[in-house]
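Presented below is the structure to which this report refers.
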Amino acid sequence: MVKVATWNVNSIKARLGHVLDWLETAKPDLLCLQEIKCPATDFPTLELTSAGYHAEILGQRAYNGVAILSREPARDVLRGLPGGDGDEQARYLEATVAGVRVAAIYLPNGNPVGTDKYDYKLAWMARLARHARTLIDSEQVCVLAGDFNVVPTDDDVYDPVAWRDDALCRPETRAQFRRLLHMGFIDAFRVLHAEPHRYSFWDYQQGRWLRDQGLRIDHLLLSPQAADRLVAVDIDREPRGCDKASDHTPVWCELAL
DNA sequence: ATGGTAGCCTTGCTA
């Protein structure tokens, strides 16, 4: 069995204790991190190595940054999403671990709509779709894991009307996300959970966590070969309730490999 | 209409 997880930690330095606690209790074989918010030189590799995990890092000062933690060392590491000539933002890291080709994804937020930020989001999603096609064609066990900054349907947000014009919910955003589904990637959570209003992110403001007013934007997209092996998947809400929590909580799945 | 929170690192940006 291989357990794969994703977690936007909103600064690895601020969240190191939470991450170490979660690794110890959840024991994932693979954990994709987003928003580590530091260069690789500042990443707490030593502490994570002591906890039994290797770390592959694509860092960036202050913003963004992704990493892959794994019990087995990673092979064939790809740093950055192909096709991004001159793209400085650290948002994509891909590697093979324990028979799984995994991608740690921090997809651009895109707000406000109507600015270059939204254009960048849609262009980034088009690039992701092009690269995802090559992953599908490779017929590997593959998991796209990360903060997609996409609310797939109105069942995945507490107030769809209020969020209708947000970059995370816009029809163009959802259509780009569905391109990944149409080419054969499967939303792991929805394979085993039909219930609406299950969230992976709650804003720090306005008591969103206390009122369970969140969004489901952290996803595990499985290639057909991975989906065939899916035995369990869930969102672990517990870390979101801790003191000094990230605004996101881990999503995990188990593959029978 | 505004500001509410958090992290980074400034005097604002990103989310």
Side-chain angles (χ1 to χ4, degrees), chain A residues 6-22 32-44 47-48 57-67 81 84 87-93 104-125 128 145-152 156-170 172-174 176-177 199-219 235 237-251:
Chain A
T6 182
W7 192 3
N8 179 327
V9 290
N10 186 20
S11 165
I12 186 61
K13 282 184 267 183
R15 227 64 66 195
L16 180 59
H18 293 69
V19 170
L20 290 170
D21 288 347
W22 196 75
C32 296
L33 300 175
Q34 301 86 36
E35 285 206 89
I36 63 170
K37 292 189 169 181
C38 67
T41 47
D42 291 354
F43 193 85
E47 290 87 339
L48 291 158
I57 303 145
L58 185 68
Q60 184 179 334
R61 174 181 166 276
Y63 303 113
N64 309 318
V66 290
L81 183 61
D87 188 349
E88 304 279 303
Q89 301 190 28
R91 297 181 175 276
Y92 190 93
L93 184 60
I105 293 174
Y106 179 47
L107 207 146
N109 176 294
N111 280 303
V113 170
T115 67
D116 56 354
K117 289 188 180 176
Y118 192 57
D119 295 340
Y120 175 68
K121 177 178 195 161
L122 293 180
W124 205 94
M125 293 183 85
L128 178 60
D147 176 0
F148 282 73
N149 271 310
V150 176
V151 173
D156 302 307
V157 50
Y158 67 94
D159 185 348
V161 173
W163 281 79
R164 188 179 49 200
D165 296 322
D166 190 276
L168 281 62
C169 294
R170 289 287 305 156
E172 298 89 342
T173 302
R174 287 178 169 172
Q176 284 277 30
F177 183 75
Y199 308 128
S200 64
F201 162 88
W202 299 257
D203 198 286
Y204 287 121
Q205 302 180 59
Q206 298 169 284
R208 295 299 184 212
W209 165 248
L210 294 173
R211 292 144 73 176
D212 194 24
Q213 295 177 329
L215 314 172
R216 193 173 70 89
I217 55 177
D218 299 274
H219 306 298
I235 300 168
R237 294 166 52 99
E238 190 162 327
R240 185 62 182 83
C242 294
D243 281 344
K244 294 281 179 186
S246 169
D247 41 4
H248 297 249
T249 212
V251 183

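Reckoned from all heavy atoms, side chains included, excluding hydrogens, waters and symmetry mates. Note on naming: letters A, B, ... go to the chains in the order of the sequence lines (proteins, then strands), and numbering restarts at 1 for each one.
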**Prompt:** Reckon A/Arg15 has a side-chain N or O less than 4.0 Å from the OP1 or OP2 of B/dG7?
**Reply:** yes
**Item:** Partners passing salt bridge (Lys or Arg N to Asp or Glu O under 4.0 Å) against A/Arg164 (at least two apart in sequence or in another chain)
**Value:** none
**Complete:** Hits for salt bridge (Lys or Arg N to Asp or Glu O under 4.0 Å) against A/Arg208, two or more places apart or cross-chain, chain-then-number order -> none
**Which residues share a salt bridge (Lys or Arg N to Asp or Glu O under 4.0 Å) with A/Asp156, sequence neighbours left out** = A/Arg190, A/Arg216
**Request:** Could you state the atom-to-atom distance from CG of A/Asp42 to P of B/dG7 in whole Å?
**Result:** 17 Å
**Asked** Do A/Lys121 side-chain atoms and A/Ala167 backbone N/O form a donor-acceptor pair below 3.5 Å?
**Response** yes
**Request:** Could you state the atom-to-atom distance from CD of A/Gln34 to C1' of B/dG7 in whole Å?
**Result:** 16 Å
**Request:** Applying ring-ring contact (aromatic ring centres under 6.0 Å, His included), name anything that partners A/Tyr106, two or more places apart in sequence or on another chain.
**Result:** none
**Fill in**
Heavy-atom contacts, protein to nucleotides 9-15 of chain B, under 4.0 Å, summarised as B (base), S (sugar-phosphate only) or - (none) per nt, yield SS--BSS
**Request:** Using the P atom on both, measure B/dT2 against B/dA6 and round to a whole Å.
**Result:** 23 Å
**Message:** Show me the pairs that pass salt bridge (Lys or Arg N to Asp or Glu O under 4.0 Å) and involve residues 104-114 of chain A, at least two apart or across chains.
**Reply:** none
**Prompt:** When you compare B/dG12 with B/dG3, how far apart are their P atoms, in angstrom units rounded to a whole number?
**Reply:** 14 Å
**Message:** Rounding to an integer number of angstrom, what distance separates B/dG4 and B/dC9 when you compare their P atoms?
**Reply:** 23 Å
